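Accompanying notes for the structure given below.
All values derive from a computational prediction rather than experimental measurement.
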Amino acid sequence: MRHARRRMVRRVARLAAVGGLLLGGTMVTRAVASEPPDAPAVPYTSARAASGTGAGLVSRLGADRTAGHWVGSDGRPVVAVTDEGTAARVRRAGAEAKVVRHSMAELKSATEALRSAPRVPGTAWALDYRSNEVVVRGDSTVSRDDWSRLTDVASDIGGFVRMERTEGAFTTRLNGAEPILSTAGRCSAGFNVTDGSDDFILTAGHCGPTGSVWFGDEGGDRQVGRTVAGSFPGDDFSLVEYADGEAGEGAEVVAVGGGKGVRITGVGEPAVGQRVFRSGSTSGLRDGRVTALEATVNYPEGTVTGLIETDVCAEPGDSGGPMFSEGVALGVTSGGNGDCDKGGTTFFQPLPEAMEALGVRLLAAAREDAAPSAPAANGGGGAGGATAPGGAAPGATAPVTGVDGSTLLSRLTDRRNVGPGLLVVAGSTVALVATRWIRAEQDRKAYRRHYSATWG
């Protein structure tokens with residue numbers, strides 16, 4: 001009985017030691033594979049594949065049978081369709097279908113009717129795919145009479161035009177912040193682009209007319225470049241040619257504050273519901289969702305159409321700053337209402353349209369398998385290629401966040417990362433060796449007793 005108990009104790013001890021080795025090894029592996037504890041969060045979403053699926057279906061099925069697409073709360077693509085037959089085709093393609101009353105053709109016809117009505121500064125409208133409506137908003141500057149006249153226009157169009165009043169005022173986000181400055185005001189640089197021979201900053205058109213000279217400091221000692229082309233109102237983009245013709249090293253990096261940045265690997269179009277990030281020299285890095293597309297905003301300076309509507313906040317000085325997601329460039333900041341204390345609506349000029357009109361292409365990094373990194377939202381900071389507090393100057397290198405140059409050795413020696421795992425491994429190893437030694441010693445003693453009895 002005593003021997004049986006001993007064997008049971010040894011067996012349990014061995015199993016516990018082996019289990020400890022497995023547990024400790026797992027802890028160390030996860031610590032080494034993960035980012036260090038102080039590393040910022042990664043702004044990564046899985047929306048790109050869903051967006052591509054939805055866009056492809058809408059393109060194939062046409063504007064008379066569909067009414068837009070968006071990314072659902074579960075990350076799946078959702079396509080609005082006008083009949084059950086089209087819904088069945090969407091489901092067979094692996095997307096979710098929502099049957100709605102009004103087609104994309106009807107929604108766009110409504111926006112054309114609104115655009116042909118007398119212009120009312122302080123109003124905006126956009127296509128809300130999820131509610132299958134055109135949403136018209138009026139800010140605090142719109143008078144009661146103007147709002148009433150626009151409401152009559154909406155009533156004549158149909159019941160799918162929704163009228164809403166909003167706080168604040170729809171303005172271009174121009175004054176009061178660094179990093180690029182001119183006599184026209186202050187803005188944030190957007191993305192670096194090239195025409196094949198010279199490099200440029202693509203930023204907002206309302207930042208300044210053609211001929212505006214931009215500096216990277218308030219003293220005017222460091223000239224960044226000169227605006228050589230642009231469009232505002234109507235669109236909201238412009239091209240600033242670098243003073244020496246070159247963007248320099250790190251042209252593919254969007255600065256997001258704190259000396260950190262995100263490498264931009266390409267250009268694309270957003271989807272409703274997609275998580276996006278915006279960097280600006282006033283309010284730094286902020287994130288939110290795309291809420292609508294094909295938005296029209298009647299700024300005091302003029303009307304801009306075809307914008308991306310988001311719930312990302314912005315403040316004066318963020319104009320022209322880059323919007324991106326998963327390392328893909330999407331647009332530059334145009335304007336909006338509210339601020340980053342109360343929140344608000346911000347509109348962006350889509351990048352593909354601006355690049356096509358200007359005849360330029362994006363200066364982008366080679367795409368890697370890993371998701372692009374960036375710090376957590378609401379950090380301090382700057383805009384792509386632009387000087388900001390703690391950020392990178394136009395054309396300068398802003399290091400990509402993530403591992404921050406940590407080596408495997410530094411991670412292994414960091415007790416916060418792998419210390420507990422190493423302790424478990426060490427303790428389990430000692431326990432396993434001890435049980436093996438005890439068993440071997442007991443076996444030797446048993447053999448001696450047996451041999452002595454036989455010899456006697």
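- Under the 4.5 Å side-chain criterion, counting only non-hydrogen atoms from C-beta, Val228 is not in contact with Val240.
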Next item on the list: In sequence, state the C-alpha distance, the side-chain angles, and the governing distance for Thr310 and Thr345, and then conclude on side chain to side chain contact (heavy atoms under 4.5 Å, CB included).
Entry: CA-CA 6 Å; Thr310 74; Thr345 300; over 6 Å; no
Notebook entry, point to check: side chain to side chain contact (heavy atoms under 4.5 Å, CB included) between Asp236 and Ser231: does it pass, once the steps are laid out?
Noted result: CA-CA 6 Å; Asp236 196 0; Ser231 177; over 6 Å; no
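- In terms of heavy atoms, Ala314 sits closest to Ser283 at CA-OG, 4.4 Å.
- Neither side chain, Ser188 nor Asp318, offers a donor N or O lying under 3.5 Å from an acceptor on the other.
- Thr296 OG1 to Leu114 CG: the interatomic distance, rounded to the nearest 0.5 Å, is 8.5 Å.
- Checking side-chain atoms of Asp235 against main-chain N and O of Phe237 turns up no donor-acceptor pair under 3.5 Å.
- The heavy-atom pair separating Val253 from Gly261 by the smallest distance is CG1-CA, 3.9 Å.
- Residues Leu330 and Val290 form no side-chain contact, since every pair of their non-hydrogen atoms from C-beta on lies 4.5 Å or further apart.
- Between Ile308 and Phe347 the shortest side-chain heavy-atom distance does not fall below 4.5 Å.
- For the residue pair Trp125 and Thr111, no side-chain donor N or O sits within less than 3.5 Å of a side-chain acceptor on the partner.
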Margin query: Could you walk me through whether Asp311 and Thr291 satisfy the side chain to side chain donor-acceptor pair (under 3.5 Å) test, starting with their C-alpha distance in whole Å, then the side-chain angles of each, then the deciding distance to 0.1 Å, before giving a yes or no?
Written below: CA-CA 7 Å; Asp311 60 9; Thr291 52; over 6 Å; no
Notebook entry, point to check: Under the side chain to side chain contact (heavy atoms under 4.5 Å, CB included) criterion, do Leu127 and Val134 qualify, and how do the steps go?
Noted result: CA-CA 5 Å; Leu127 305 182; Val134 177; 3.8 Å; yes
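- Atoms CZ and CZ, from Phe324 and Phe277 in turn, are 7.0 Å apart once rounded to the nearest 0.5 Å.
- Between the side chain of Asn132 and the backbone N or O of His102, at least one donor-acceptor pair lies under 3.5 Å.
- Applying side-chain hydrogen bond (donor to acceptor under 3.5 Å, both in side chains) to Tyr242 and the options Asn192, Asp198, Asp199 leaves one that passes, Asn192.
- Geometrically, Arg165 engages Trp147 in a cation-pi contact, judged by NZ or CZ lying under 6.0 Å from the ring centre and within 45° of the ring axis.
- The existence of a salt bridge linking Asp287 and Arg278 is excluded, since no basic side-chain nitrogen approaches an acidic carboxylate oxygen closer than 4.0 Å.
- Side-chain atoms of Thr265 come within 3.5 Å of backbone atoms of Gly327 as a donor-acceptor pair (strictly under, hydrogens ignored).
- Counting heavy atoms from C-beta on, the side chains of Val272 and Arg130 come closer than 4.5 Å.
- Other residues, nucleotides and ligands contribute only 12 or fewer heavy atoms inside 6.0 Å of the CZ atom of Arg89.
- Between Tyr299 and Phe232, the ring planes lie tilted relative to each other; the angle falls in the 30° to 60° range.
- For the pair Phe160/Leu107, a side-chain contact is recorded, criterion being any heavy-atom separation below 4.5 Å from C-beta on.
- With 3.5 Å as the limit, one finds no donor-acceptor pair spanning the side chains of Ser212 and Arg226.
- Neither side chain, Ser334 nor His206, offers a donor N or O lying under 3.5 Å from an acceptor on the other.
- Judged purely by atom type and a 3.5 angstrom limit, Ser238 uses its side chain to pair as donor or acceptor with the backbone of Ala204.
- Salt-bridge formation is not detected for the pair Glu96/Lys98: no Lys NZ or Arg NE/NH1/NH2 atom is positioned less than 4.0 Å from an Asp or Glu carboxylate oxygen.
- For the atom pair CE of Met355 and CG of Leu239, the computed distance is 10.5 Å after rounding to the nearest 0.5 Å.
- A distance of 8.0 Å separates CE of Met163 from OG of Ser155, quoted to the nearest 0.5 Å.
- Looking only at distances, a side-chain donor or acceptor of Thr66 sits under 3.5 Å from a matching main-chain atom of Gly62.
- Put simply, the side chain of Glu294 does not reach to within 4.5 Å of the side chain of Leu307, judged on heavy atoms.
- Among all heavy-atom pairs drawn from Ser103 and Ala63, the shortest one is CB-O, 3.4 Å.
- A 4.5 Å side-chain heavy-atom check between Glu269 and Pro352 finds at least one atom pair inside the cut-off.
- Residue Arg286 is tested with Val276, Thr346, Val312 for a side-chain contact (heavy atoms from CB on, under 4.5 Å); the sole match is Val312.
- A salt bridge links Glu309 with Arg137: the closest approach of a Lys/Arg side-chain nitrogen to an acidic carboxylate oxygen falls below 4.0 angstrom.
- Contact record, Ala329 with Leu362: CB-CD2, 4.0 Å, taken as the closest heavy-atom pair.
- For Arg263 and Glu252, the salt-bridge test passes: some basic side-chain N is under 4.0 Å from an acidic carboxylate O.
- Summarising the local packing, CZ of Arg101 is surrounded by 12 or fewer heavy atoms from other residues, nucleotides or ligands at distances under 6.0 Å.
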Check: Step by step, would you call Arg149 with Asp146 a salt bridge (Lys or Arg N to Asp or Glu O under 4.0 Å)?
Finding: CA-CA 5 Å; Arg149 282 192 290 271; Asp146 284 342; 2.3 Å; yes
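- The nearest pair of heavy atoms linking Leu293 to Ala126 is O-CB, 4.1 Å.
- With respect to the salt-bridge test (charged N to carboxylate O, under 4.0 angstrom), the residues Asp339 and Lys342 do not qualify.
- Checked by atom type and distance alone, the side chain of Ser325 pairs as donor or acceptor with a backbone atom of Arg275 at under 3.5 Å.
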Notebook entry, point to check: For Glu167 and Ser140, what are the C-alpha separation, side-chain angles and deciding distance, and is it a side chain to side chain contact (heavy atoms under 4.5 Å, CB included)?
Noted result: CA-CA 6 Å; Glu167 296 180 357; Ser140 59; over 6 Å; no
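- Glu353 places no side-chain N or O within 3.5 Å of a backbone atom of Pro350 that could act as its donor or acceptor partner.
- For Glu356, the CD atom sits in a loose shell: 12 or fewer heavy atoms of surrounding residues, nucleotides or ligands are nearer than 6.0 Å.
- Checked by atom type, the side-chain pair Thr141/Asp139 shows a donor-acceptor distance below 3.5 Å.
- In this structure, CD1 on Ile264 lies 11.5 Å from CG on Leu363, to the nearest 0.5 angstrom.
- For Glu301, the CD atom counts as densely surrounded, since its 6.0 Å shell holds more than 12 non-hydrogen atoms of other residues, nucleotides or ligands.
- In this structure the side chain of Trp70 never reaches within 4.5 angstrom of the side chain of Pro77, judged on heavy atoms.
- When all heavy atoms are compared, the tightest approach of Phe191 to Gly331 is CE1-O, 3.3 Å.
- Under a 3.5 Å cut-off, the side chain of Arg76 and the backbone N or O of Gly72 do not form any donor-acceptor pair.
- Donor-acceptor pairing under 3.5 Å is recorded for the side chains of Asp83 and Thr86.
- Separating the CZ atom in Arg115 from the OG1 atom in Thr303 is a distance of 9.0 Å, to the nearest 0.5 Å.
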